[in-house]
Amino acid sequence: MMKLGAIDFSAFSGVCKSWRSFAVSNKNNFMASRPPMSISISPHGYENGCYLKDSEGRKFKTIIPHFVGRICIGMTSGYLILLCKKTRDFLLVNPISRNELHFPDVPSDDVPSDAFDYTIDKAILVFSHLIYGWVFGLLNRYDHKIWFYIAGRQEWTYIYTACYVHDLVAFKGKIYILDVNNCFHEVRLYPTPKVTSLNIESFPKPRFDHHPVFVSSGENLYVMEQYPNIPPGIHIINYGEMKCVLHEKTGEEYAFFHNNMSYDVVILPLESWADLCSQYKQYKQYRRYAFADESGKEKSFRALAWYFLHDCLKVNYID
């Protein structure tokens, strides 16, 4: 079983009850051992096919139900985020399991329907322990609001932010935002929605020509500064000491997987897969934000989207 690809693993687990039980009990080990898969998908919903390609070049097609007439604006927790520009409702689909989650249109009447997708900076899907249901969050740069659709309440709610919010992330039971001044905040939805500022020592200073982004990967939450044509600055947030630590001081090396569709990055320890350069040579990034190690081996790879099985097939929870 450990020699199977991701799609074959899904088929393996569906053969019978005993095989499924064996697959489920070994799922975490299997997913952690699989390199990422690249995703190809029609950005404007002209067809309902989605293609996943593994590190060995094998290509798999999966049918996305109800995709025609929608556009794909990103990914969250293993789900493709599909937006209907006409009705402004959201359909989230897992391309492997094909599980679907539906969220109605956001009550933001000041934004024309044909421009609504351009106002969405970030979208996250999390599971709340308190209500035992899904929460879908949208960062809307147009009106300084973070919108949430909370399952069970059947309505959107929002938090107004005085400063322009640049990024939104869910990490280890919490939701965090990063504003234009590089201030770090925690977002709480219960009992009433509010934003609490956190004082993080050695946090990157703001610059007029770029903004850092959050990267949640594995057990770490990173703040990544991206500059043209030079290696990115990586800071790890240490919650125990409430400070940021430059990754150079940790002694670790990283590989960077850039997602064109949602303009974000996934960071992985370099030792995760030994020969990334040969496995992903077709995705090598020669232009902006390219990054190589001292030997010249490429560590920066770009695709429309990357599907990380060990991260995307687990649920992000909030307390």
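Keep in mind that what you see is a predicted model, and the values were worked out from it rather than measured. Only this structure's heavy atoms are used, side chains among them; waters, hydrogens and symmetry mates stay out.
Across T76 and A123, no two heavy atoms sit closer than the pair CB-O, 3.7 Å. The heavy-atom pair separating F136 from I124 by the smallest distance is CD1-O, 3.3 Å. For the residue pair M75 and A305, the shortest heavy atom distance occurs at SD-CB, 4.0 Å. Closest non-hydrogen pair, T62 versus P95, comes out as OG1-O, 2.9 Å. Between I41 and F67, the shortest heavy-atom distance links the atoms CG1-CE2, 3.8 Å. Of all the heavy atoms in I177 and F214, the pair that sits closest is C-CE1, 3.6 Å.
With hydrogens and angles disregarded, no donor-acceptor distance shorter than 3.5 Å links the side chain of W134 to the backbone of Y149. Proximity of a side-chain donor or acceptor of Y307 to a complementary backbone N or O of G78 within less than 3.5 Å is detected. Checked by atom type and distance alone, the side chain of D54 pairs as donor or acceptor with a backbone atom of R58 at under 3.5 Å.
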Review point. Given Y176 and F184, is the ring pair (Phe, Tyr, Trp, His ring centres under 6.0 Å) satisfied, shown in steps?
Key: CA-CA 7 Å; Y176 300 104; F184 189 60; 5.1 Å; yes
Practice item. Assess whether side-chain contact (heavy atoms from CB on, under 4.5 Å) is satisfied between V135 and F127, documenting all intermediate values. Key: CA-CA 6 Å; V135 178; F127 192 88; over 6 Å; no
Point to revise | Stepwise side-chain contact (heavy atoms from CB on, under 4.5 Å) test for Y222 and V169 | key: CA-CA 11 Å; Y222 304 89; V169 69; over 6 Å; no
Practice item. Please assess D167 against K122 for the test side-chain contact (heavy atoms from CB on, under 4.5 Å), listing each intermediate value before the final yes or no. Key: CA-CA 7 Å; D167 207 357; K122 189 77 172 283; 2.9 Å; yes
Review point. Given I318 and I175, is the side-chain contact (heavy atoms from CB on, under 4.5 Å) satisfied, shown in steps?
Key: CA-CA 7 Å; I318 57 172; I175 297 176; 3.7 Å; yes
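Interatomic distance, S40 OG to L304 CG, rounded to the nearest 0.5 Å: 6.5 Å. Here OH of Y190 is found 3.5 Å from OG of S128. Values are rounded to the nearest 0.5 Å. Atom CG of L52 is separated from atom CE of M37 by 4.5 Å, given to the nearest 0.5 angstrom. In this structure, CD1 in I81 is found 11.0 Å from CG in L91, a value given to the nearest 0.5 Å. Interatomic distance, H185 NE2 to L198 CG, rounded to the nearest 0.5 Å: 8.5 Å. One distance of note links NE2 of H102 with CG of L92; it measures 10.0 Å at 0.5 Å rounding.
Between I64 and L82, the closest side-chain pair of non-hydrogen atoms falls below 4.5 Å. Counting heavy atoms from C-beta on, the side chains of C183 and L178 never come closer than 4.5 Å. Side-chain contact between H144 and Y164: present, with at least one pair of heavy atoms (C-beta onward) separated by less than 4.5 Å. For the pair H166/D179, no side-chain contact is recorded, criterion being any heavy-atom separation below 4.5 Å from C-beta on. Looking only at side-chain heavy atoms (C-beta outward), W156 and D105 stay at 4.5 Å or farther from each other. Between F257 and P36, some side-chain heavy-atom pair lies under the 4.5 Å cut-off. Annotation: side chain of C244 is not in contact with side chain of N238 (no heavy-atom distance under 4.5 Å). Annotation: side chain of L125 is in contact with side chain of F103 (closest heavy-atom distance under 4.5 Å).
At a threshold of 4.0 Å, the pair D89-R70 counts as salt-bridged, since one of the basic side-chain nitrogens sits closer than that to a carboxylate oxygen.
Under a cutoff of 6.0 Å and an axis angle of 45°, K145 and Y158 form a cation-pi pair.
Shown here is Y132, whose OH atom has no more than 12 heavy atoms of other residues, nucleotides or ligands within 6.0 Å.
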For residues 17-25, run the donor-acceptor check on the side chains, cut-off 3.5 Å, and write out each pair with its distance to 0.1 Å, sequence neighbours left out.
| unit_1 | atom_1 | unit_2 | atom_2 | d |
| --- | --- | --- | --- | --- |
| S25 | OG | S21 | O | 3.3 |
| S25 | OG | F22 | O | 2.8 |

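For N99, the side-chain hydrogen bond (donor to acceptor under 3.5 Å, both in side chains) partners at least two apart in sequence or on another chain are Y79.
Classified by interplanar angle (parallel below 30°, tilted 30° to 60°, perpendicular above 60°), the ring pair F9/F12 is parallel.
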